[in-house]
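A quick write-up on the structure given underneath.
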Amino acid sequence: MLNRRAFLRAAGLGAAGSLAVACTPIYRELAGDTAESGDFTETPLSDFRALSRMTFGARFVDRQFVLMHGLSAWIEEQLDPDTIDDSSVEWRLRSLESLKLPPKDVEAWEENDVVAELSQSAILRATYSNRQLFEVMVRFWSDHFNISVEKGECWLLKPTDEREVIRPHTFGRFEELLGASAHSPAMLVYLDNQANIWEAPNENYAREVLELHTLGVEGGYSQDDVMELARMLTGWRVKEHFWKGEFTFEEDWHDPGVKTFMGDGISPADIREAEAVLLSLANAPSTARHISIKLIRRFVCDDPEHEARELIERAARTFLETRGDIQQVVRLILLDGLSSLPETRLPKFKRPFEYVVSALRLLGADTDGGAPIQEYLRVMGQPLYAWPTPDGPADDASAWVTNLLPRWNFALDLVDGNLEGTEFHPRDFVRSLLDDPSDDSLDRLSHLLIGEGPNQRISDIKFAHLRAGDEEDLVDEAAFLTAAVLLSPEFQWRG
Amino acid sequence: MKKMRVGRRDVLRSGALLGAGAVLPPWMPRMSFTAKNSGIRGDVLVVVFLRGAADGLNMIVPHGEELYYQSRPTLAIPQPDARGSSQNARVIDLDGYFGLHPALRPIFPVWEQGHFIPVIACGAPDESRSHFKAMELMERGLTNERGPASGWIGRHLATLENGNPSPLRAVGFGEAAPRSLHGSIPITALKSITDFHLNGNEAMASRMRSVISSLYTGDQALHQIGRETLSVVDTIEKIYPSADVASSMTDYPETDFGFGLRQIALLIDADVGLEVAALDLGGWDTHFTQGGSEGIMARLLAELGGGLAAFYDQLQDDMDNITVVVMTEFGRRVRENASLGTDHGHGSIMFLMGGNLHGSEVHGVWPGLDEGLLIGPGDLAVTTDYRDVLAEILVKRLHNHDVEAVFPDYVPNIGNVIA
């Protein structure tokens, strides 16, 4: 019942009569109901495109909000996630026990179960959270500070990293996020700092901090700087045994000598050497630029350095002026970069996670985010929490466009009910078709999924096949039609 | 009756979402990039990229070099005649000075046939020691990032007209086609031939097939890719499963890499127009517990050597028309670190396999390991630019003489690796 209602409302298909389902608000809340998806709304395409960049799927309710209050009001609300009720998504996450535990307790679990729960939580939050911009940014930072659970014991450490490093600092100051990541056992293990010791430094983490996390590869550091930072980071380790998975600084492993970093002498000061350097790296102009470029690539365009030079400058300036206040930088990029998205601006291609989640979210599917969904993400090329290299998954179309077949098959499997733990009910879609045989239903479905009416090619499918038949035939037809929109070129874009 | 409505929506519809877009994205195939060359189809080229910067020094081991053993007290591979170590742990001598890591033993018979050769001290001029920058430049075939966004293989295919209409001219094996293939028409990512079909029952799949074909009729790159994907589905439907039988008889490693090689062999065997296949083997970033004769890297080498040997065994009779090249973004530091691993270095190695090589010879110029000869923080120098080797393949085996278009900011020295 839940799904039926959810779908009807999500698709805006339900006549008032067919919605006569009694339910209390608390039930709706607890069930993580997506009925709040809102009624059919025709929005200017530019608003739909902007919303699609900032969410995992712009439901009608979000479009209505923008119609009534404007895009900037929506952005302001989303920038203040604590004011947005999200108890329904917490309810959906309630049974994912391993995510609440410290590493020493996670150790008793099976690796596969922990990774599955972690992935489930990401899918559920992206699909159902009302704090969409926040969740988009969580994924952004989780990719920026990429950790693969397939390396060593990262699987038992990453849930803590997600819970205590990424999420609490997502809208905080970049220097705090970077500092938390540097003290994160998952990161220290993933990039071998665990093995970085006096007289024999291991450069891996030091290099990636400079190249990927802060300054960027053209950010002005040298190989010597990598080696000196590695020396400063000697002794930054993870505890074993009873305190397993906790950060520790071990003086005995720390190189006590004088270091030189980017021209400055660093006097010996144990853990504080690297902490001070990380603080200045976090606020360096190259870092401001590097982070701004990545954020603009996330929200605005694939190639900011050619397409959005001015915006990079403004965002980087805001970054420096606010001492890396992520909220302020994101606000500027969204307001300046998206509020008047020019039609010439190319759409952003959905990465596999965005493709899958937008289908689930917009259709109001009921999913547990379980194994079949996770397997599809892997086959599409974006395994959750298992990107092997520290750069994280690419954020431009060219990395993803060549692998369409698994997307098509996902669409077919979703509507055909072949994904265990995920349900979508075309029957309700059909009922409304029977009630109202005009072509408005297809129009609405198309608006729901791609922000505009169906193009001729999709209309043709409908009129070739949606002839009067018995209801079972129509259910199949409705499922087929939904799949057709999901696998169409138009649905591959984030707007 | 279909209602005709003209309104705001129709205007919006012509916007960027559905329109071709005012600006061509950089990955969009350039139709104007017309082929200057025409020629007969050359070898099937198989490009294996070892991601993570593979330690060339422990693959083709300079066992005649005392400094190698001094620099790597725990990671060095014992000399071919070393006492106190088992035969299986020692270098397999190739020419009295260099030898194979013992885990590469499966490939030794191919070396003896003259169909497998290493090129030592290979690499690129880039000294960033950044995986990502080095890989990107190498796959684009460039010295300077300001060059074309397409990949070197993409430009090779785009500049050579050989009348091959196959949708499978260029295939990236895995979840995505690598950067090196970008810019080519067509380009397909393919993980598994067995799975390369539309799901659902036969009736639904066949109906959806025609729907997809009508949805992807535009001139955007994505539409083109959609059409190519369908035509690959059709092609594979014709050859599978009969073609699968032959390759399942051979012992490939049971890994993604082994599986990928098996798929490539299958397509070559089925003669469906494959010209270039790109395949990755990752995991070479061995900062930590790299191991010597055994361990993490040895297992990767066994996978690499075992895979290549199986591929050779299956396609022995076709080897005159196949060139396999194995490359990596850079090598690793000569001196081992304290984590029983090695940090990012510079010069590394390339391998070639095929029926037209100057075999039984270790190619390349050995720069030496003496203090003054190392570069940067203590890394092997590069004496052969990777593009010298690739350009020789282009000219001698792929009949593409437009080397300048493929490597626009470098003038390769065509060597003598290929017969």
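Each chain gets a letter, A, B and so on, in the order its sequence line appears, and its residues count up from 1.
Note: A:Trp493 and A:Phe349 have perpendicular aromatic rings, judged against thresholds of 30 and 60 degrees for the angle between ring planes. Ring geometry for A:His213 against A:His144 counts as tilted: the plane angle lies between 30° and 60°, on a 0 to 90° scale.
The cationic group of A:Arg407 does not satisfy the cation-pi geometry with A:Phe410, failing either the under 6.0 Å distance to the six-membered ring centre or the 45° limit from the ring axis. For B:Arg207 and A:Phe480, the positive end sits near the middle of the six-membered ring, less than 6.0 Å away and at most 45° from its axis.
In terms of non-hydrogen atom pairs under 4.5 Å with chain A, the most contact-rich of B:Ala177, B:Gly341, B:Ala205 is B:Ala177. Across B:Glu175, B:Glu127, B:Lys191, the residue that shares the most heavy-atom pairs under 4.5 angstrom with chain A is B:Glu175. Heavy-atom pairs under 4.5 Å with chain B peak, among A:Arg207, A:Glu211, A:Arg378, A:Glu208, at A:Arg207. Between chain B and the residues A:Leu191, A:Ile197, A:Asn202, the most heavy-atom pairs under 4.5 angstrom are made by A:Asn202. When each of A:Ala483, A:Ala399, A:Ala230, A:Ala200 is scored by its heavy-atom pairs under 4.5 Å with chain B, the top score falls to A:Ala200. Options A:Asp192, A:Leu412, A:Asn204 differ in how many heavy-atom pairs under 4.5 Å they form with chain B, and the most are formed by A:Asn204. Ranked by non-hydrogen atom pairs under 4.5 Å with chain A, the options B:Gly376, B:Ser130, B:Gly218, B:Ala176 are led by B:Ser130. When the candidates B:Arg335, B:His344, B:His131 are compared by the number of heavy-atom contacts under 4.5 Å with chain A, B:His344 comes out ahead. Of the listed residues (B:Thr217, B:Asp343, B:Thr342, B:Thr229), the one with the most heavy-atom contacts under 4.5 Å to chain A is B:Asp343. Top candidate by heavy-atom pairs under 4.5 Å with chain B, chosen from A:Val217, A:Asp416, A:Leu487, is A:Leu487. Interface summary for chain B: among A:Gln382, A:Glu218, A:Lys151, the most heavy-atom pairs under 4.5 angstrom belong to A:Glu218.
B:Tyr216 and B:His223 have their aromatic ring centers within a separation under 6.0 angstrom.
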- Message: Show, in sequence, the C-alpha distance, side-chain angles and deciding distance for B:Arg51 and B:Glu139, and conclude whether the salt bridge (Lys or Arg N to Asp or Glu O under 4.0 Å) test is met.
- Response: CA-CA 12 Å; B:Arg51 308 237 170 225; B:Glu139 291 187 81; 2.8 Å; yes
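Neither the backbone nor the side chain of B:Val232 comes within less than 4.5 Å of any heavy atom of chain A. Interface residue B:Glu145: only side-chain heavy atoms are found under 4.5 Å from chain A. Proximity to chain B is absent for every atom of A:Pro388, based on heavy atoms less than 4.5 angstrom apart. Using a 4.5 Å cut-off between heavy atoms, A:Asp413 contacts chain B through its side chain alone, with no backbone atom that close. The contact between A:Gln492 and chain B is made entirely by side chain atoms (from C-beta outward), counting heavy-atom distances below 4.5 Å. For A:Glu203, the parts sitting under 4.5 Å from any heavy atom of chain B are the backbone and the side chain alike.
Closest non-hydrogen pair, B:Ile375 versus B:Leu380, comes out as CG1-O, 4.2 Å.
For B:Trp284, the ring pair (Phe, Tyr, Trp, His ring centres under 6.0 Å) criterion is met by no residue, not counting sequence neighbours. Residues forming a side chain to side chain contact (heavy atoms under 4.5 Å, CB included) with A:Val379 (at least two apart in sequence, or on another chain): A:Glu375, A:Pro406.
In summary, the side chains of A:Asp224 and A:Ser222 do not present any donor paired with an acceptor at a separation below 3.5 Å, with no hydrogens or angles considered. With 3.5 Å as the limit, one finds no donor-acceptor pair spanning the side chains of A:Thr402 and A:Trp400.
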